[in-house]
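Atom set for the values below is all heavy atoms of this structure, side chains included, hydrogens, waters and symmetry mates excluded.
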Amino acid sequence: MQPELKSPVRVRFAPSPTGYPHLGNIRTALFNWLFARHYGGKFILRIEDTDVARKVEGAVEAILDSLQWLGLDWDEGPYFQSQRLPIYRETGHKLLEEGHAYLCYCSPERLEAMRQEQIKRKQPPKYDRRCRDLAQQEKTRLQATGITPVIRFTTPLEGETTFHDLIRGPVTFKNDTLDDFVLLKSDGYPTYHLASVVDDHMMAISHVLRADEWLSSTPRHVLLYQALNWQPPQFAHLPMILGPDRAKLSKRHGATTVTEYQKQGYLPEAVVNFLALLGWSLDDRTELLSREELIKHFSLERVGKTPAIFNKDKLEWMNGVYLRKLSLGEFVQQALPFLDRELPKSVERPLDKTYVSQVLSLIQERAKTLVEVPQLASFFFLDELQYDTGLLLSGKLDAKSAANAITIASQKLEEVMTWDATALESALRPLAAELNLDTGKFFGLLRVAITGRTAAPPLFQTMAVLGKERCLKRFNAALQLLSTYSN
RNA sequence: GCCCCCAUCGUCUAGAGGCCUAGGACAUCAGCCUUUCAAGCUGAAGAUCAGGGGUCCGAAUCCCCUUGGGGGCACCA
């Protein structure tokens with residue numbers, strides 16, 4: 001399955017701007033990109049905007065943004081099919097002249113009615129070819145009506161079409177199961193079939209790597225290449241990515257657009273790594289691969305055939321791994337915008353970079369995504385903590401002894417001059433024994449007083465970052481709460 | 001309904017006839033570490049390799065059938 005080395009590798013990603021790109025679309029882009037980079041070929045971006053009616057505002061931008069975010073840089077394009085209309089028309093008319101296509105005057109209404117009837121009779125819905133062999137007289141009459149005809153492909157009635165898929169092997173279709181599909185619509189735009197064949201040829205695409213959903217359109221394309229007397233590219237149909245309900249990924253599956261993952265605080269490196277493993281694998285154990293390693297090892301032979309359901313848990317895990325791999329500086333840089341956006345307005349801006357850095361050093365290994373950073377770190381920034389007073393008693397202490405423990409700790413800490421984790425520990429650890437409390441209970445109590453929660457970064461480090469003044473203030477606040485606690 | 005594709009733990013996957021008493025990862029559970037959480041480490045559970053027929057000395061791996069799933073069947077891509 002080595003690509004033909006006589007012709008340079010040229011692949012394309014050809015999305016249509018009828019929606020925002022989801023993980024499936026982007027996985028296709030990634031495989032194309034990896035293939036191109038692996039073989040030192042070209043990765044071409046082409047926007048298939050031939051459906052005027054379904055065009056979605058902002059989709060093109062979302063596609064470009066997604067690719068850029070993931071670092072899938074393209075070598076040519078973006079080409080827009082809407083700007084190449086004359087080429088398709090010319091090809092369509094050429095086909096017409098050579099007898100490979102014909103004009104069809106059937107109205108959409110008639111076609112729709114016909115389809116409904118066929119479905120009702122449990123027949124395969126297919127164009128009945130009414131216009132395929134019109135008598136000259138009839139043609140003239142229809143022409144005079146002023147109806148704008150479409151151009152349909154004259155699909156061979158007999159025989160079969162076989163092509164060799166790089167992933168599936170030989171695939172054969174009987175020609176009589178194929179339709180006389182439309183090449184040029186009455187609005188003057190080409191259909192996908194015509195436009196992609198023409199462009200793939202004109203752009204000298206060597207390999208078409210696209211999702212499995214296109215497999216059954218491929219014989220039509222092969223027939224078109226034959227009619228045009230063009231050499232078809234090699235085809236490879238990639239396994240689909242399915243939603244949790246095992247159905248084709250769509251808007252119905254919620255947060256599947258790539259930009260959504262960006263917003264949720266996933267790192268592009270993690271997403272690339274994760275996506276690469278959806279349908280491709282290096283061996284029986286390697287999970288973490290850098291971009292360079294992916295390029296180095298990527299090959300179509302190791303692309304599987306079975307559709308994959310993406311496993312969000314695993315993506316999260318992997319993102320956590322990548323987050324922890326970041327240097328503190330990089331992590332701060334990545335997390336800062338999220339803090340800035342999500343922290344309450346009451347927190348003074350701009351955030352102090354040094355302080356943020358100290359805080360984030362304690363958060364980094366606890367975050368799976370960037371979006372949870374503000375939540376994990378909020379108590380470092382708030383002046384007053386809101387928490388359920390009962391939390392202070394979660395160590396099964398009564399309010400009185402809890403208050404006593406905090407008071408003693410507070411007094412002890414007043415005397416601490418060097419406010420760092422080591423000093424804090426040597427000041428507080430002995431107190432547990434003096435108070436006859438086990439360390440779990442004692443430190444747990446102080447943790448709630450300091451952070452307002454039972455799960456937080458290590459106590460002494462947290463206190464060191466917060467600073468003496470804020471810690472003592474929080475102890476006071478805790479005492480306040482305990483004093484009003486309904487006994 | 002017709003056509004095409006696919007079929008290994010819940011999920012992602014390794015496996016290209018003997019290395020498989022089916023390996024890894026996520027998730028789950030347990031233990032260790034530990035001031036909590038997280039991370040880390042160790043271990044457990046989890047797949048009669050969809051089912052049935054062949055071929056072969058030998059099949060998860062090859063062939064056939066069945067079943068299941070997916071995709072396609074537009075003047076959408």
Side-chain angles (χ1 to χ4, degrees), chain A residues 14-19 48-51 53-54 104 106-108 111-112 115 118-127 148-152 165 168 171-174 177-179 181-187 189 191-193 195-196 211-219 237 239-240 242 244 246-248 274 277-288 301-302 304-318 320-321 324 362-368 376 394-395 425 428-429 432 438-448 451 453-460:
Chain A
S16 69
T18 51
E48 311 228 320
D49 54 348
T50 54
D51 187 342
R54 289 202 311 152
C104 170
C106 294
S107 69
L111 295 172
E112 185 53 31
R115 243 189 314 275
Q118 286 164 335
I119 290 168
K120 216 172 92 188
R121 296 207 319 255
K122 302 204 182 256
Q123 303 267 303
K126 226 168 79 175
Y127 177 55
T148 313
V150 301
I151 298 182
R152 282 184 187 273
D165 188 276
R168 326 255 157 197
V171 182
T172 302
F173 287 78
K174 288 192 179 60
T177 64
L178 269 26
D179 210 350
F181 56 98
V182 173
L183 298 170
L184 269 177
K185 304 182 255 183
S186 56
D187 64 1
Y189 279 74
T191 60
Y192 169 83
H193 306 298
S196 72
D212 200 27
E213 58 187 316
W214 296 108
L215 191 66
S216 44
S217 302
T218 308
H237 288 90
M240 306 262 289
L242 274 23
R246 309 200 131 272
K248 190 171 156 182
F274 176 75
L277 258 20
L278 245 35
W280 175 88
S281 64
L282 173 59
D283 54 30
D284 62 342
R285 53 195 64 253
T286 311
E287 304 283 342
L288 268 15
E301 290 101 280
R302 297 206 58 87
K305 298 177 184 176
T306 51
I309 298 167
F310 79 96
N311 181 194
K312 197 167 179 190
D313 282 337
K314 188 161 178 176
L315 206 211
E316 272 191 13
W317 162 76
M318 194 173 275
V321 171
R324 276 174 255 126
L362 298 179
I363 299 301
Q364 184 168 10
E365 68 174 310
R366 291 172 174 76
K368 283 193 165 69
L376 289 169
S394 52
E425 177 158 15
L428 292 177
R429 194 172 282 281
D438 69 49
T439 50
K441 276 186 185 173
F442 182 48
F443 295 150
L445 169 67
L446 299 188
R447 174 174 302 105
V448 172
T451 68
R453 40 182 100 170
T454 53
L459 182 60
F460 308 123

_Tell me whether the side-chain N/O atoms of A/Ser281 come closer than 4.0 Å to OP1 or OP2 in B/A14._
yes

Check: Going through the distances and angles, do A/Ser394 and A/Thr454 end up as a side-chain contact (heavy atoms from CB on, under 4.5 Å)?
Finding: CA-CA 9 Å; A/Ser394 52; A/Thr454 53; 4.1 Å; yes

Once hydrogens and angles are ignored, does a donor-acceptor distance under 3.5 Å link the base of B/C5 to the side chain of A/Arg168? no

Margin query: B/C37, OP1 or OP2 - any side-chain N/O from A/Thr454 closer than 4.0 Å?
Written below: no

**Request:** Using a heavy-atom cut-off of under 4.0 Å over every strand shown, decide if A/Lys368 touches base, sugar-phosphate, or nothing.
**Result:** sugar-phosphate

- Message: B/G1, OP1 or OP2 - any side-chain N/O from A/Arg115 closer than 4.0 Å?
- Response: no

Check your understanding: Looking for any heavy atom pair under 4.0 Å, which part of the strands does A/Thr451 touch: base, sugar-phosphate only, or nothing?
Key -> nothing

- Message: Check this one for me: any side-chain N or O of A/Arg302 less than 4.0 Å away from OP1 or OP2 of B/A16?
- Response: no

Which part of the nucleic acid does A/Arg324 contact within heavy-atom distance under 4.0 Å: base, sugar-phosphate only, or nothing? sugar-phosphate

Mate of B/A59 across any strand shown (Watson-Crick or G-U wobble, both atom pairs under 3.5 Å) is none

From the candidates B/A77, B/C4, B/C26, the one with an atom nearest any side-chain atom of A/Val171 is B/C4

For this session: Ignoring backbone atoms, test whether A/Arg246 places a side-chain nitrogen or oxygen under 4.0 Å from the OP1 or OP2 oxygen of B/G71.
Result: no

Mate of B/C41 across any strand shown (Watson-Crick or G-U wobble, both atom pairs under 3.5 Å) is B/G31

Checklist entry - Looking only at atom types and distance, does a side-chain atom of A/Asp165 sit under 3.5 Å from a main-chain N or O of A/His237, one as donor and one as acceptor? => result yes

Exercise for review: Give one of base, sugar-phosphate or nothing for A/Gly320, where a contact means two heavy atoms less than 4.0 Å apart.
Suggested key: nothing

>> Does a side-chain N or O of A/Arg285 approach OP1 or OP2 of B/G23 to a distance below 4.0 Å, or not?
In response: no

As its Watson-Crick or G-U partner within any shown strand, both distances under 3.5 Å, B/A22 has none

Side-chain atoms of A/Lys185 come closest, of B/C76, B/C26, B/G71, to B/C76

Among the nucleotides B/U11, B/C2, B/A7, whichever has the atom closest to the side chain of A/Ile309 is B/U11

Can any side-chain N or O of A/Arg246 pair as donor or acceptor with the backbone N or O of A/Leu242 at less than 3.5 Å? no

*asked:* I'd like to know whether A/Leu111 forms a side-chain contact (heavy atoms from CB on, under 4.5 Å) with A/Tyr127, so could you lay out the CA-CA distance, the side-chain angles of the two residues, the decisive distance to 0.1 Å, and finally the verdict.
replied: CA-CA 7 Å; A/Leu111 295 172; A/Tyr127 177 55; 3.5 Å; yes

Rounded distance in Å between the P positions of B/G23 and B/C9
13 Å

Across every strand shown, the nucleotide meeting Watson-Crick or G-U wobble geometry with B/G1 (both distances under 3.5 Å) is B/C73

N/O donor-acceptor pair under 3.5 Å between A/Thr177 side chain and A/Lys174 backbone: yes

Name the nucleic acid region contacted by A/Lys248, choosing base, sugar-phosphate or nothing; use a 4.0 angstrom heavy-atom cut-off, strictly under. sugar-phosphate

